[in-house]
Each structure stands twice: as structure tokens, then as C-alpha cells.
A.B. asks: 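Pasting a structure here, questions to come.
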Amino acid sequence: MELYERIRYLTEKKEVSFAKLARDLGIPHQTFHQWLKPGSQRNIWEHLPKIMELFPDVRPAWLYMGELPVFRQDMPGQTPPLKGEGTSDRTETSSAPIPTEMRGKLRLHPGYHYDPLGRIEMLTNVRGSSAAELQAVFGVDLKELKPFVARYYNARQAWDAWRAAGSREEDVPDVELPQIPEDWLDYFWRHYGPSPQWVLYGGGENSWSALVRPHPGMAETERLRGELSAIKEEAQRLRDEADRLRQALADAREKNARLEATLEERTPPDKNEGNRVPSPPAANSMRPGKK
């Protein structure tokens, strides 16, 4: 869940309306309602301490980071470590507790972070701290990825230190994990598919067999998509050109009709119109001056 979804979930579980929660936070209802969206949820960040005061049974790790369980009373005594976790090359402090309900659904790799980028790390076996490896996953230029990875890594370190210190509410880090842009995620889901090796053989708890791999037909699909897009653009250009020519022809006909009407108005009427035009004189007729 993203932050705005967690707020919605919390109000549903607590049977509290958005209007009441907004009043308790000192925020206009309409403003608060606008914040409960992906693009505006960052405005809720500064109000999370107040939400913790209103709902003291909610775990800060869930409200801030989405780590299950939601409520303190549902917190187990200690989540047992995964087999082989102690021998992982990743530090134990970088590993978030893995929700019980997720065990068995996926073969989770030890040491992954329970956040959006961490789940992509788990699925692809790339290192989230490596912009070079993420470049193939998101299809983004390396120069654009490096600052994002740096911000994400620094935020992770702050939250890891907070968890290691006991997740005390008064020490909540004043930093938020940057959101992965939607176009990056769209590229990931369009270009990656299930790994046949994982489908056939699974990937035990110590395995680093990727669950997904680059889709083998995606390069050809992208090429065909590009050709189709070019054809559509050319067809639209031709339609626009045909419309322009039809309009030009209609304008020319209208102009020609106006010219013909103006010409008829300016042409003088024929005096002999309706009378028989006299025949020319015969060759042997009398000439002037002769009797």
C-alpha cells in the first residue's frame, strides 16, 4: 500500500470518516480529500505524528513504511530468520521482517527490503543500489537513474537505522522513500515476464533464481509497436492532407461561383435580344448614291 492507501485502510478499520479525521488533524475536509491521491499524498507526511496520537495502537513501521502487521497487538514476539540469512552477503539490519502471510506465496530472497524497490530487487535479483543494473529493469538513462538511486539508498539507511534503534515514535526519520515513477514501472511490467527456470524449478529460500526475466519477444514487440505508431502517424497526416485539399476545393468552387455571379451582374443586356438579326445585304443590291 502507498501512504494514501494506508490512510484509507486505517479509517475503514477504525470506522472513522475522512471528514472527522480531517477535523482532528485541523485540515479542511476538501483539502484532506485531495491529499488522498498518489500525486498529493506527500502532504500527509507531516501529519503522521498526529495520526499516531489519534491511533496509538497502530504500528509506526506500518504507517510510515507499510510494514505489516498494522496493529501493535498483532505483532509476533519475534519473526524467525530465514534459513541461511546469517550467511547472506547483505547485512541483517537491512532486512525488514517478512510478513507471515507472504511466506509460501513467493520464495523470498534473504535480506531484501520490504519496500517497492526491494520487491523489484527480490523479483529480478538486481541490486537496488546499482543504477547500472536498474537501467535494464526500468529502461531509463543512467544519468536519470543515479540521483534517484542515491536518494532511495539514503532514505533506506535512515529507516534501517530507525528500525535498528527500536522503531521509537519520537525518532521517526524526517525522510520519505522517493516514489518510483509510473513510466518506469510501466516499462518494467511490459518488458519482464515469469522466468521459466523459476516456474519449472522454483527457487528455495537460499536461491537467487530470478522470478522474472526480460520478456524474450518484447524487443520485437517494441519494434512492431514503433512501426505501427509510425503508420498511424502517416495515416493521420494523409487524412489531414485530404481534409485540407477537400476544403481548398470547396473554397475554390465557392470563389468561382461568386465570380460567375459578379460577371453576370456586370454584363450589359443585348439590345437585339429576342429580335431577328438582319441578314447582310446581297452582293447586287443598290449601293449608296445610286438610283
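Just so you know, these numbers use all the heavy atoms, side chains as well, and skip hydrogens, waters and symmetry mates. Keep in mind that what you see is a predicted model, and the values were worked out from it rather than measured.
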A.B. asks: Would you say the ring centroid of Phe71 lies under 6.0 angstrom from that of Trp62?
C.D. replies: no
A.B. asks: For Glu12, does the CD atom have more than 12 heavy-atom neighbours from other residues, nucleotides or ligands under 6.0 Å away?
C.D. replies: no
A.B. asks: Using modelled atom types only, decide if a donor and an acceptor are shared between the side chain of Gln41 and the backbone of Tyr4 within a distance under 3.5 Å.
C.D. replies: yes
A.B. asks: So if you build clusters from Ile, Leu, Val, Met, Phe, Trp, Tyr with side-chain heavy-atom gaps below 4.5 Å, do Tyr9 and Leu36 land together?
C.D. replies: yes
A.B. asks: Does atom CD of Gln236 have more than 12 heavy-atom neighbours, drawn from other residues, nucleotides or ligands, at distances under 6.0 Å?
C.D. replies: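 Count over threshold, so yes.
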A.B. asks: Please round to the nearest 0.5 Å and tell me the distance separating atom CG of Leu228 and atom CD of Glu233.
C.D. replies: 10.0 Å
A.B. asks: Taking Arg156 first and then Glu121, would you say they form a salt bridge - that is, a charged N and a carboxylate O separated by under 4.0 Å?
C.D. replies: yes
A.B. asks: In terms of heavy-atom contacts, does CG of Asp174 have more than 12 from other residues, nucleotides or ligands at under 6.0 Å?
C.D. replies: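 Atom CG in Asp174 is not crowded, with 12 or fewer foreign heavy atoms closer than 6.0 Å.
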A.B. asks: Is there side-chain contact between Leu10 and Leu21, with at least one heavy-atom pair below 4.5 Å?
C.D. replies: no
A.B. asks: Quick one, Lys14 with Asp57, criterion salt bridge (Lys or Arg N to Asp or Glu O under 4.0 Å). Give me CA distance, side-chain angles, the key distance, then yes/no.
C.D. replies: CA-CA 11 Å; Lys14 292 293 186 178; Asp57 58 336; 2.6 Å; yes
A.B. asks: Rounded to the nearest 0.5 Å, how far does CG of Leu48 lie from CD of Glu53?
C.D. replies: 11.5 Å
A.B. asks: Just wondering, do Leu54 and Val16 contact through their side chains at under 4.5 Å, heavy atoms?
C.D. replies: no
A.B. asks: In this structure, would Tyr187 and Val140 fall into the same cluster of hydrophobic residues linked by side-chain contacts under 4.5 Å?
C.D. replies: no
A.B. asks: What do you reckon, is CZ of Arg258 surrounded by more than 12 foreign heavy atoms closer than 6.0 Å?
C.D. replies: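 Check passes, neighbour count above 12.
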A.B. asks: Okay, side chain of Glu133, backbone of Arg127: is any donor-acceptor separation there less than 3.5 Å?
C.D. replies: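 Yes, because the side chain of Glu133 sits within donor-acceptor range (under 3.5 Å) of the backbone of Arg127.
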A.B. asks: Compare every heavy atom of Pro116 with every heavy atom of Ile180, then report the nearest pair and how far apart it is.
C.D. replies: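 Heavy atoms only, the tightest pair is CD1-CB, 4.0 Å.
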A.B. asks: Can you tell me how far the CZ atom of Arg59 sits from the CD atom of Gln73, to the nearest 0.5 Å?
C.D. replies: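 One finds 11.0 Å between CZ of Arg59 and CD of Gln73.
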A.B. asks: Can a salt bridge be assigned to the pair Glu241 and Arg244 using a cut-off of 4.0 Å between side-chain N and carboxylate O?
C.D. replies: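 Salt bridge between Glu241 and Arg244, a charged N being under 4.0 Å from a carboxylate O: yes.
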A.B. asks: Could you state the interatomic distance from CH2 (Trp184) to CD (Gln179), rounded to the nearest 0.5 Å?
C.D. replies: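 Separation between the atoms: 12.0 Å.
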A.B. asks: Under a single-linkage definition using a 4.5 Å side-chain heavy-atom cutoff for Ile, Leu, Val, Met, Phe, Trp and Tyr, are Ile44 and Val175 assigned to the same hydrophobic cluster?
C.D. replies: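 In one cluster with Ile44: Val175, yes.
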A.B. asks: Does Arg6 use its side chain to pair, donor to acceptor, with the backbone of Leu63 at less than 3.5 Å?
C.D. replies: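 Side chain of Arg6 to backbone of Leu63: a pair is present.
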A.B. asks: Could you check whether the rings of His33 and His29 sit parallel, tilted or perpendicular, using 30° and 60° as the cut-offs?
C.D. replies: perpendicular
A.B. asks: CZ of Arg8 to NZ of Lys37: how many Å apart, nearest 0.5 Å?
C.D. replies: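 Those atoms lie 8.5 Å apart.
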A.B. asks: Would Phe138 and Leu142 show up in the same hydrophobic cluster when neighbours are defined by side-chain heavy atoms closer than 4.5 Å?
C.D. replies: no
A.B. asks: Identify the two heavy atoms, one from Arg72 and one from Pro56, that lie closest to each other, and give their separation to 0.1 Å.
C.D. replies: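 Result for this residue pair: NE-O, 2.7 Å.
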A.B. asks: Consider side chain to side chain contact (heavy atoms under 4.5 Å, CB included). Of Leu134, Leu177, Val126, which one does Leu117 pass it with?
C.D. replies: Leu134
A.B. asks: Do Val70 and Lys13 have side chains that get closer than 4.5 Å, going by heavy atoms?
C.D. replies: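 No, too far: nothing below the 4.5 Å cut-off.
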A.B. asks: Is a side-chain donor or acceptor of Asn154 paired with a backbone partner of Arg151 at a separation under 3.5 angstrom?
C.D. replies: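 It does not hold such a pair.
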A.B. asks: Given the rule that I, L, V, M, F, W and Y join up when any side-chain heavy atoms are under 4.5 Å apart, are Met52 and Phe32 in one cluster?
C.D. replies: yes
A.B. asks: Under 4.5 Å between any side-chain heavy atoms of Asn43 and Thr31, yes or no?
C.D. replies: no
A.B. asks: Could you grab the distance from atom CD of Glu182 to atom CG of Leu185, nearest 0.5 Å is fine?
C.D. replies: 7.5 Å
A.B. asks: With heavy-atom distances below 4.5 Å as the criterion, would you say the side chains of Trp159 and Glu176 are in contact?
C.D. replies: no
A.B. asks: Going by heavy atoms in the side chains, are Pro60 and Trp162 under 4.5 Å from each other?
C.D. replies: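 Yes, side chains in contact.
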A.B. asks: Please confirm whether the backbone N or O of Ala261 pairs with a side-chain atom of Glu264, one donor and one acceptor, at under 3.5 Å?
C.D. replies: no
A.B. asks: What's the verdict on salt bridge (Lys or Arg N to Asp or Glu O under 4.0 Å) for Arg237 and Asp240, showing C-alpha distance, side-chain angles and the deciding distance?
C.D. replies: CA-CA 5 Å; Arg237 188 191 67 80; Asp240 294 342; over 6 Å; no
A.B. asks: How far apart are the C-alpha atoms of Gln247 and Asp251, what are their side-chain angles, what is the distance that settles it, and do they pass the side chain to side chain donor-acceptor pair (under 3.5 Å) test?
C.D. replies: CA-CA 6 Å; Gln247 185 61 44; Asp251 293 344; 3.0 Å; yes
A.B. asks: Would you say CZ of Arg42 has more than 12 non-hydrogen atoms from neighbouring residues, nucleotides or ligands within 6.0 angstrom?
C.D. replies: no
A.B. asks: Any side-chain heavy atom of Trp35 within less than 4.5 Å of one from Ile27?
C.D. replies: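 Heavy-atom side-chain distance check passes, below 4.5 Å.
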A.B. asks: Do Arg168 and Asp171 meet the salt-bridge criterion of a basic N to acidic O distance under 4.0 Å?
C.D. replies: yes
